[in-house]
Amino acid sequence: QVESPAPRPLPSLSSVAAMSSGAFAPKPRASTGGESEPQAGAVCIVLAAGFSQLERDLERLAYATPNDDVADVAAAFSLGAAVVAAALGEPVIGGEGGGASTASSRQQPPSLGPQSLRGLAGVPKALLPVAGKPMLDHWWDYLSKNRAISEIFIVSNAIQYKHFERWATARGLPVSRVVNSGATAPGRGRGVLRDVELGIRRAKQAMGNLDGRDLIVFAGDTLFFKDFDLERILDFKKVKGGSLLLYYSKREADIPSERGMCEVDPASSSVVAFAEKPGQGQRGHAFPFVSPLFYILAPEAWNQIPAFNAALLASAAGGSAQLPAAGAFSFGRYVEHAVETLRLPFWGMRMPGAFFLIGSSSSLKEYQQLDACFSRQLGEPGGRAIRHVRTKTYARVGLMGNPSDGFNGKTIAVTVRNFWASVELWESEQLRLLPHPLYDPSSFSGLADLHFIGRREGYYGGTRLLMATCKRFQELCTTSGIALPRKNFTARYDTNVPRQVGLAGSSAIVTSLFKALMEFYDLSTDHIPLEKQPTFVLSVEQEIGIQAGLQDRVVQVYKGLIFMDFDAEYMQEHGHGRYERPSKRCFEWLSSLPLFIAYEADPSDSGKIHTNVRARWDAKDPEVLDAMKHFADLAVQARQALEARDHAKLCDLMDENFATRRKLYGDACLGPKNLRMVEICQRCGAAAKFPGSGGAVLALCRPSASGEEAPDGSGLDPLAAVREALEVTPSMA
């Protein structure tokens with residue numbers, strides 16, 4: 001019995017990237033707007049100067065008499081209960097995460113009752129408790145531990161200033177970090193953008209020169225989700241430069257005239273358009289994305305805020321004695337000006353789930369539901385069940401055209417359910433990658449046992465694939481502008497794909513973990529398009545030195561029967577090939593054919609089979625160029641044979657595919673065992689070729705032999721004849 005070694009815990013997904021060889025070291029891209037790279041930590045301004053309906057509801061509740069009907073206090077709330085339940089990661093049918101269970105189906109935690117709510121009268125909304133601690137404390141947990149943030153300033157109104165002063169001093173912040181806007185009632189505020197200017201002015205007084213520092217601005221009464229990962233957002237900002245905003249797909253409950261609406265280029269993550277609270281029929285009303293009040297501004301952006309405010313005030317002074325309404329100084333109005341008029345570079349980072357805002361119009365009922373959602377997430381009584389994700393990816397066989405997939409050719413491949421790799425993943429305090437007890441051994445009965453396992457299984461198990469996948473996934477999400485929640489998991493894998501026989505066992509493990517991570521973090525093809533996912537899987541294997549093309553990864557991601565065209569010009573333009581699924585009729589007919597796989601029982605490393613063909617391709621060797629073109633032509637003809645249900649033609653093409661490969665690579669490269677398997681299949685009346693890089697053959701009994709006596713004179717059915725011939729040959733399975 002082989003013992004599995006104790007798994008090594010990792011603090012987080014980003015730790016995987018940092019600890020792996022070739023760890024991701026983001027490099028700032030060249031400036032597109034003249035911005036300078038910040039040389040010191042960012043300055044954070046927390047906006048908490050507004051007044052809200054929630055505070056008025058709590059005030060009414062506190063002073064209600066026994067005869068008062070207080071039921072209407074919580075009657076009006078703007079966001080639907082389903083959306084509230086979705087906030088902070090609770091999956092809801094039709095939500096952005098695509099989950100299938102509803103929050104109402106789970107045990108609800110104790111809600112805030114009238115008595116406890118009465119004690120909250122007079123407390124600023126940003127300091128109201130959520131899951132047992134003030135909302136602002138959730139932000140403090142993110143900010144205080146991040147070395148990329150130098151100072152934090154809070155802008156409060158005059159009524160609630162003392163609350164924030166007390167909060168700040170209790171956490172070691174100087175009183176000078178709390179700024180009083182002077183507002184004493186709704187309608188008497190200065191506007192968000194002028195509050196930001198106050199914060200900038202105070203920061204300069206307290207810190208001196210702010211040159212080169214980014215400015216982080218967000219609303220203190222905004223909570224995104226429990227696992228909000230600020231560090232990942234700052235990493236993305238460091239990669240891109242410029243300024244950054246967060247965005248999410250517009251939900252049914254989002255009213256464009258109350259939101260900042262934007263368009264983001266999915267390929268570059270560049271914000272191409274922004275509109276602040278557009279009305280019906282106005283530009284931006286149909287934009288697909290919503291941007292909450294969370295921005296990271298480069299110096300070139302935030303330095304122009306005072307001038308923008310001054311221009312608004314000057315325009316009002318020229319035409320009216322009244323100052324502009326506070327809404328004119330909304331932060332989104334300035335972002336629209338910066339993106340649309342100043343053309344400053346802004347980048348968008350997508351949030352994988354919904355967020356929750358206790359804003360000026362939100363009510364008591366929304367606050368209670370927010371507290372319930374957060375309490376479930378933080379493990380209070382009645383908390384959520386641990387989420388389990390299970391995925392499975394099947395082995396594949398290259399039906400025709402391979403190995404031209406690595407040489408801008410065309411191929412047809414199909415997944416086979418006989419062999420598979422699976423991954424099981426669940427949330428945990430630390431990130432753990434569990435070794436497989438058979439494929440990642442660390443304990444042996446002796447040197448002879450170690451020698452046997454090392455010779456038969458090799459030195460590389462599946463754990464390296466898990467770690468490389470996590471590392472590359474972290475990098476992909478960072479560079480793609482996806483704000484992953486900060487939550488960890490434990491992952492383990494299993495597989496029955498024969499090792500090192502070219503059936504894509506390694507990529508099956510990688511694909512299974514990738515799909516599990518997508519589901520765990522509530523990502524969809526909106527975040528990572530399907531056609532780009534195979535390229536990611538290939539990048540993982542290239543990370544650890546596995547030689548491969550895109551074919552295996554495409555068919556394992558798409559599943560079933562897939563025709564692939566890896567035309568160089570198309571791939572250069574789009575970043576992926578043309579992937580098409582033949583008709584269901586073709587697949588059903590192919591499934592009815594007498595196809596089988598034979599493979600070596602004691603194989604060598606399939607990744608070494610390609611030898612020097614790549615170098616000859618790069619040198620434009622005519623023989624290699626012609627062979628790859630011929631492979632591609634065979635794939636096109638095979639597709640036609642499938643559509644015509646031409647059994648004999650498909651067999652002829654398979655034999656020709658193998659003959660072309662044998663001529664190009666040579667017998668020494670293909671190996672005597674592989675050649676022997678093909679010869680046995682052909683002698684018994686079956687066409688045969690390699691389904692992958694070597695170690696196995698894919699064979700199809702010819703129509704003249706199917707169900708008849710094998711042509712070798714054995715008197716057996718062709719399939720039985722092949723099986724018997726292989727079984728009496730050493731090292732064949």
Side-chain angles (χ1 to χ4, degrees), residues 45-65 68 70 72-79 84 87-88 109-144 152-173 175 177-189 192 195 218-224 226 293 355-375 378 380:
I45 294 181
V46 182
L47 299 170
F51 299 87
S52 73
Q53 179 64 42
L54 170 59
E55 293 168 352
R56 293 192 289 274
D57 286 350
L58 290 171
E59 192 79 9
R60 286 182 56 194
L61 185 62
Y63 293 99
T65 66
D68 289 337
V70 297
D72 65 334
V73 171
F77 57 102
S78 58
L79 301 180
V84 176
L88 320 176
S111 60
L112 290 165
Q115 192 61 39
S116 58
L117 288 172
R118 285 189 175 94
L120 299 177
V123 177
K125 60 183 181 295
L127 295 182
L128 289 172
V130 172
K133 66 180 182 181
M135 268 190 272
L136 204 50
D137 272 3
H138 292 283
W139 279 110
W140 177 250
D141 288 344
Y142 308 140
L143 300 172
S144 62
I152 301 169
F153 294 84
I154 303 167
V155 182
S156 165
N157 59 48
I159 300 299
Q160 297 163 340
Y161 172 77
K162 279 294 181 184
H163 287 275
F164 289 103
E165 182 183 85
R166 189 66 55 86
W167 178 90
T169 55
R171 285 150 187 82
L173 284 174
V175 174
R177 282 4 180 213
V178 182
V179 184
N180 188 341
S181 73
T184 57
R188 294 181 177 272
V192 170
D195 287 344
F218 66 89
D221 52 20
T222 301
L223 286 178
F224 297 106
K226 187 264 287 190
L293 207 170
F355 76 101
F356 197 96
L357 171 67
I358 299 294
S360 59
S361 62
S362 300
S363 69
L364 180 60
K365 188 169 184 177
E366 286 175 305
Y367 166 60
Q368 289 175 294
Q369 291 179 331
L370 169 64
D371 179 69
C373 286
F374 240 77
S375 296
L378 293 173
E380 293 190 352

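None of these values were measured; they are calculated from a predicted model.
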(message) Phe153 vs Val46, test: side-chain contact (heavy atoms from CB on, under 4.5 Å). Steps then yes/no.
(response) CA-CA 6 Å; Phe153 294 84; Val46 182; over 6 Å; no

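- A pairwise comparison of heavy atoms in Ile152 and Leu173 identifies O-CD2, 4.4 Å as the closest pair.
- Separation of atoms CD (Gln160) and CG (Asn180) is listed at 10.5 Å; rounding is to 0.5 Å.
- Minimum heavy-atom separation, Ala168 to Val178: CB-CG2, 3.6 Å.
- Residues satisfying the side-chain hydrogen bond (donor to acceptor under 3.5 Å, both in side chains) criterion with Trp140, sequence neighbours excluded, are absent altogether.
- Evaluation of the side chain to side chain contact (heavy atoms under 4.5 Å, CB included) rule for Ser181 yields Ala49, Val155, Asn157, Ala183, Arg190, Asp195, Leu198 as partners, not counting sequence neighbours.
- Here the shortest heavy-atom pairing between Gly220 and Met135 reads O-CB, 4.3 Å.
- Looking at heavy atoms from C-beta onward, Asp141 lies in side-chain contact with Lys133 at the 4.5 angstrom threshold.
- The heavy-atom pair separating Trp139 from Ala219 by the smallest distance is NE1-O, 4.1 Å.
- From Leu128, atom CG reaches atom CG of Leu136 across 11.0 Å, with rounding to the nearest 0.5 Å.
- Environment of CZ in Arg171: crowded, with over 12 heavy atoms of neighbouring residues, nucleotides or ligands closer than 6.0 Å.
- Rounding to the nearest 0.5 angstrom, the gap separating the CD1 atom in Ile154 from the CG atom in Leu127 is 8.0 Å.
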